[in-house]
Asks: 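The structure's right below; bear with me while I get my questions together.
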Amino acid sequence: MSSETTHGSASPAPTNPQGNAQGNAQATPAELPKAYVPSEAEGAVRSRWNNSGCFHAEPGNSGDAYTIFIPPPNVTAALHLGHAFNNSLQDLLVRYHRMRGFNTLWMPGTDHAGIATQTVVEKRLLMQGKKRTDFTREAFVQKVQEWKDEYEATILSQLEGMGCSCDFKRTRFTMDEPCATAVRHAFFTLFKDGLVYRGKRLVNWDPVSQTALADDEVEMEEVDGSFWYLKYPLADGSGHVTVATTRPETMLGDTAVAVNPKDPRAAALRGKKLRLPIVGREIPIVEDDYVVMPASLGGDPADPKAQFATGFLKVTPAHDQNDWDIGQRHALAAINIMAPDGSISDRHGWMDVSADAKQFVGLSREEARKKIVAWFKQNNLLEEVKPYRHSVGHSYRSHVPVEPYLSDQWYVRVTDDRLRGTALRSMAKDQVEGTLPAEVAAGPKMAGDGELRFFPARYAKNFQSWHENIRDWCISRQLWWGHRIPVWTKRGEGASLATHLGMLSSLSSSRASVRAVRVADGAEAAIGSLASSKGDFDLHVCLLDDADGAPLETAGFKRDPDVLDTWFSSALWPLSTLGWPDPSKWSEMAGLLDRYNPSSVLCTAREIITLWVSRMVMFNRYFLGRVPFKHVFIHAMIQDGHGQKMSKSLGNGVDPRDIIHSHGSDAMRFTLVQMATNTQDVRLPVDLVDPHSGETFGPKWTTASGGYTVADAIQTSPKDPSKKMVSGYGAATGTATPTAEMPLARNTSARFDLGRNFANKLWNATRFALSNLAQASPDSKPEPLTLLDRWMLARLEHASRAIDAAIADYEFHRVAEALYDLVWRDFCDWYLEGVKPTVRTNATQQRVLAAVLDSILRMLHPVCPFVTETLWPSVQALGASGAVDGIALRPSALCATAAWPAFDAKLRDERAIAEFARVQALVDSIRRVRGERQVSPKRKVVLLAGDSVRALVAASGGVVETLAGIEKVDASPASRPMTAVALPFEGSEVLLDGLVDAVDAGAEKARLTKLIAEREKQASGMRGKLSNEGYIAKAKPELVEETRKKLAEIEADIAAAQSALAALG
RNA sequence: GGGCGCUUAGCUCAGUUGGUUAGAGCACCGCCAUUACACGGCGGGUGUCGCAGGUUCGAGUCCUGCAGCGCUCACCA
């Protein structure tokens, strides 16, 4: 259903000036309970939304497109508050723009998260004593699928629980058919275009999971290690050099020793060879700038490497990234000495295994290290050992040290200008730091250049420097869960492989792409000359369709067993969810791609800039020639009460359902929005709810490995020490399992009280307004707008502008602040209190109240959709449309599809705001006296004042009397009555008579003395300024004038107070 | 190590281009059953704005240095 048609059932606006609320019995909120109970309201509201289909987007509907792609959550676990935060902000944007008349699509979905999901499933199997390899690939994938189904359902229900207005009918999963089709097409295209290649490179290898890892899947951990100083003899027997290493076991694969060309010892060693101990391999000494010289020889003493360095660096190209680079520069061999499980092996590229070396084959990395060090010691080649603490990369899944491992992997050539260059050129010009690299700036112009903008702007720098330093992207993973790589390969001599070319040429080039790679050096050979090329080749055939694989397999080709990095499919999210490359294939996707890509904004977290934003930009621009989104909004991070990032692995994540349970969805959303500031991460102290007693309490904390502070896995009931419960940390980490006797404790946090109180305040303000309007006198006549009415309308218009501006800047806390001030401070504290005596008989005021209330519900809806939708029918029944000239309030059956109120500029009334500010100041100062003297609110007093104050009181239309408890206003008498209390206001004296039965001279003196001291402090500050020549000469004249005026007024106030003080004797 | 951010009331945080008396919510202390709301109303106290310099008539705000915290990228000599 389109957003247009949902308005249909609302009653038309009454057009006669008196045809509004009065006598409208059905609007009586008799049935509205005394407090807002979210758990009773939320389900009903969700049903109304679902039944109306109001979140469904159709490209044919009118309005400019407003699109957000949800960052698809991993199906590894349920969502936590970090997701709730991000999704609350997205929903705010989506609902606001929907109400603004945009054709709005919020695309939901989930991510298969290859390694993470496979790992959690393997962990679960391990608890049953089973391994992945006990199953066939298909059977294992089926198990993962079951996990995915469970968590996908959980995640989607969490999103619904939060009130996310996603188009759930269009929900996607990164491995469903449309997404898989997009992945297949993208891989095929990149392969055909030479942007995907097979390469032998060092990867981050997890020897336990036995898969390559992306850089971001590697965690650095501090480890106590050693520096071992090993002597390598010169081949000619003329001495030795000493290398320092933290990984002595890799020496088996050394193919050189490097020295800095500036090292004074380099010249004498030039051309000499070393005899590698144990192995006996003769290796060269190469000269390379990369080598740090020891501090003693002129190395930079500030460089910690110079402290430990000998100036000689063992080079193991197959087991160290930097050594690999040196190897490339000096054409060194890369000798891989390890098996995929990390053990020393002579079967994976190590050919020259000496008799001495044999004893190490088969050992683990750790054992080999010990034995090799022992060998050096025995042979007097171990010069020294020094302790050394350093950080080592560990697999974020198996937690073992990652091995830089030489293996064949698939890469995307993101360093190509078609990817890297277009990404950099998409940046908004004013957000580019300095200038783009010359070769990038010189690249071809295309649509979308300069269109990508970051909020806050500083994050553009992350994006830029990532692309400037980007390396080719390893996309193959040795996993079973994911998109399988669609390449079939056969290895053989060129001539024999060439015999298949005939069969391959029968396949259309739009369905198959062929490349030949020489095994020896990875160089690509032209297919045409394959038959005559010497040596072994890998013939890679990439297929668009599995159906073409059968004849290849018959001919001896094997399909690559690996799957693609999860981010490969995520990178296609703005394309695949809209049906790319062929939306006509799925009828419900027709027209989506053209209508909703580029999207409006991507809302995500900092670390995602490199992982996901970058890749979406590159792919979207490459495949579709457009940016995937115009804006990137980077939100803050939610931390726990100890300043630690909320994460699944740490087990400190809070389930949003817990907060919804304790405070309600709107309360959670409002509070999260209010916390969304531009620079500050959000710290959220977390409490537990005792499942036995319902009581909230602070959990017992403990220190976990890594120094993190976490809640004890098992907690004791504060009411009954014999009763226990499991904390979220215990459940998430598996250290404790909830049972019937020991249930899981929900989390909560007092931070959300703010939102709960706010929702309740709105609820009651509405209840109150409705009851007054229901009881309005039917014969009341229109009257001119009062100051209070004009002020309220001006504040409403002001808040609307504040919200627009805040949303345009993605400064969400300003949205919450504007709404809070509008609803609580302006509407409840002043307007509703102020209209109490008049609203039932003033028809104009009734219309203002109805229109303001209607507007407030609309403006609050994007943040608090449930309470506003719940109140909506009652408020709509007031028929506020057309009630106030200058506010357009189109009727609507649902608040969710109601139009944002349109305020005419004439409601903007700075004079009303300024004059009412004087009213507020007068009321405040009277209230202060009443408060200080502890005067009962029931006690009414007489205000004695001069002309200007009495004029103000008259202009307020009774507001001062009502809010300050004044029963009568008189002119200042010639002599001060004994029973009157004095206060200065705007430089003159105002008296309150009848405040107290008898003036307590002591208390009065104290009050006035304090008041004088306050004013004196201000006055002296101003006098100081005015006596400063520089201030008079250089500050803006109007500022100086303002200071003079203010000082005069303060001095008059002081004089008034002093005369009152003197009168007390 | 590079980059980015943070340090303001007991707690969690605002503070727009430098400008008059630095704010909010919570907590705390009084008073209050009043045409809605105690998830409430009215009033109140609370700050060497991390430290040290500098620029300026004027600095929470700009500059420099230092300290602490966090994130991110890089890093196993």
Side-chain angles (χ1 to χ4, degrees), chain A residues 29 32 34-36 215 220 223 225 227 243-247 291-292 302-306 308-314 320-322 388 390-393 401-402 404 456 458-459 461-462 465-466 469 606-607 609-610 637 639 641 643-645 663 667 674-675 677 679-685 750-751 753-754 756-772 775 811 813-814 817 820-821 828-829 832-833 836-837 839-840 924 927-932 934-938 1014-1015 1017-1018 1021-1022 1025 1028-1036 1039 1042-1043 1046-1047 1050:
Chain A
L32 287 185
K34 210 177 159 195
Y36 174 56
D215 292 343
M220 304 312 290
V223 164
F227 260 117
V243 297
T245 180
T246 57
R247 298 203 57 201
V291 180
V292 174
D303 183 347
K305 282 177 184 170
F308 286 93
T310 64
F312 296 101
L313 174 65
K314 66 190 273 302
D320 182 287
Q321 182 61 51
N322 295 311
Y388 183 56
H390 61 141
S391 54
V392 175
V402 163
R458 63 179 181 276
Y459 291 112
K461 200 169 172 178
N462 288 34
S465 65
W466 167 257
N469 303 308
R606 287 194 279 269
E607 71 272 17
I609 295 170
T610 55
M637 189 199 313
Q639 303 172 337
Q644 306 165 139
K645 184 176 179 171
H663 287 80
Q674 183 264 346
M675 295 191 298
T677 60
T679 51
Q680 185 81 39
D681 285 334
V682 175
R683 194 178 281 216
L684 193 86
R751 296 276 322 253
D753 292 355
L754 169 78
R756 184 197 54 195
N757 298 352
F758 182 68
N760 188 245
K761 188 73 178 178
L762 174 78
W763 179 266
N764 278 291
T766 305
R767 232 163 45 95
F768 175 72
L770 291 173
S771 75
N772 269 284
Q775 293 168 48
E811 295 208 6
H813 75 281
R814 281 165 48 199
E817 189 181 68
Y820 189 93
D821 287 346
C828 292
D829 288 352
L832 284 185
E833 293 298 332
K836 277 179 180 177
V839 69
R840 290 190 188 174
D924 281 344
R927 280 174 165 178
R928 188 176 171 191
V929 178
R930 298 183 69 119
E932 279 175 355
Q934 301 189 356
V935 176
S936 161
K938 284 200 202 85
E1014 265 173 31
R1015 293 282 206 280
K1017 198 178 147 202
Q1018 297 165 16
M1022 289 181 194
K1025 274 186 185 233
N1028 182 331
E1029 288 168 24
Y1031 180 70
I1032 305 292
K1034 296 190 182 171
K1036 282 189 217 120
L1039 192 68
E1042 180 68 27
T1043 308
K1046 198 84 197 168
L1047 177 62
I1050 289 171

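Order of the sequence lines fixes the chain letters, A, B, ..., with proteins taken first and strands second; residue numbering starts at 1 for each chain.
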Asks: Honestly, is A:K761 close enough over A:Y820, meaning NZ or CZ under 6.0 Å from the six-membered ring centre and within 45° of the axis?
Replies: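 Negative - A:K761 is either too far from the ring of A:Y820 or too far off its axis.
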
Asks: Select from A:L313 and A:G1030 the residue whose nearest nucleotide in RNA chain B is closer to the 5' end of that strand.
Replies: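 The 5'-side residue here is A:G1030.
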
Asks: Any donor-acceptor pair under 3.5 Å joining the side chain of A:R840 to the base of B:U35?
Replies: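 Check passes, donor-acceptor contact within cut-off.
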
Asks: May I have the step-by-step check of salt bridge (charged side-chain N to carboxylate O under 4.0 Å, His left out) for A:E1014 and A:R928, ending in yes or no?
Replies: CA-CA 14 Å; A:E1014 265 173 31; A:R928 188 176 171 191; 2.9 Å; yes

Asks: Does B:C73 have its OP1 or OP2 closer than 4.0 Å to a side-chain nitrogen or oxygen of A:N462?
Replies: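 So the side-chain polar atoms of A:N462 never come under 4.0 Å of the phosphate oxygens OP1 or OP2 of B:C73.
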
Asks: Please find the pair of heavy atoms, one from A:R930 and one from A:S936, that lie closest to each other, and give the distance.
Replies: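 Scanning both residues, the minimum pair turns out to be NH2-O, 3.0 Å.
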
Asks: Between B:G5 and A:K461, is there an OP1 or OP2 to side-chain N/O distance shorter than 4.0 Å?
Replies: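 A:K461 to B:G5 OP1/OP2: no side-chain N or O under 4.0 Å.
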
Asks: Can a side chain N or O of A:K761 be found less than 4.0 Å away from OP1 or OP2 on B:C37?
Replies: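 Looking at the OP1 and OP2 atoms of B:C37, neither is under 4.0 Å from any side-chain N or O of A:K761.
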
Asks: Report the residue (A:Y459 or A:E833) whose heavy-atom-nearest nucleotide on RNA chain B is the more 5′ of the two.
Replies: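 Its nucleotide being nearer the 5' end, the pick is A:Y459.
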
Asks: In Å and rounded to the nearest 0.5 Å, what is the CG to CG distance from A:L313 to A:D320?
Replies: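 The CG atom of A:D320 is 7.5 Å from CG of A:L313, to the nearest 0.5 Å.
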
Asks: Looking only at side-chain N and O atoms, does A:T677 come under 4.0 Å of OP1 or OP2 in B:A14?
Replies: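 A:T677 to B:A14 OP1/OP2: side-chain N or O found under 4.0 Å.
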
Asks: Give the minimum heavy-atom separation between A:P401 and A:V392, together with the two atoms involved.
Replies: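 Scanning both residues, the minimum pair turns out to be CB-CG1, 4.2 Å.
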
Asks: Does a nitrogen or oxygen in the side chain of A:K1025 sit under 4.0 Å from OP1 or OP2 of B:G19?
Replies: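 No, outside the criterion.
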
Asks: If the cut-off is 4.0 Å, is A:N322 near the phosphate of B:C76, judged by side-chain N/O to OP1 or OP2?
Replies: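 Answer yes for this pair, as a side-chain N or O of A:N322 is under 4.0 Å from OP1 or OP2.
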
Asks: Represent RNA chain B in dot-bracket notation, 5' to 3'. Only Watson-Crick or G-U wobble pairs with both distances under 3.5 Å count; pseudoknot-style crossings use [ ] and interstrand partners use |.
Replies: (((((((..((((.....[...)))).(((((.......))))).....(((((..]....))))))))))))....

Asks: Could you measure between the two C1' atoms, the one in B:A38 and the one in B:C31, and give it in whole Å?
Replies: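 The same atom, C1', in both gives a distance of 14 Å.
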
Asks: Taking only N and O in the side chain of A:R928, is any of them less than 4.0 Å away from OP1 or OP2 of B:G44?
Replies: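 Yes, such a contact exists.
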
Asks: Would you measure the distance from the C1' atom in B:G5 across to the matching atom in B:G41 and give it in whole Å?
Replies: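 Their C1' atoms lie roughly 40 Å apart.
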
Asks: Kindly write out the residues that satisfy side chain to side chain donor-acceptor pair (under 3.5 Å) with A:K1017, not counting sequence neighbours, or none if the list is empty.
Replies: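 Partners of A:K1017 under the side chain to side chain donor-acceptor pair (under 3.5 Å) test: none.
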
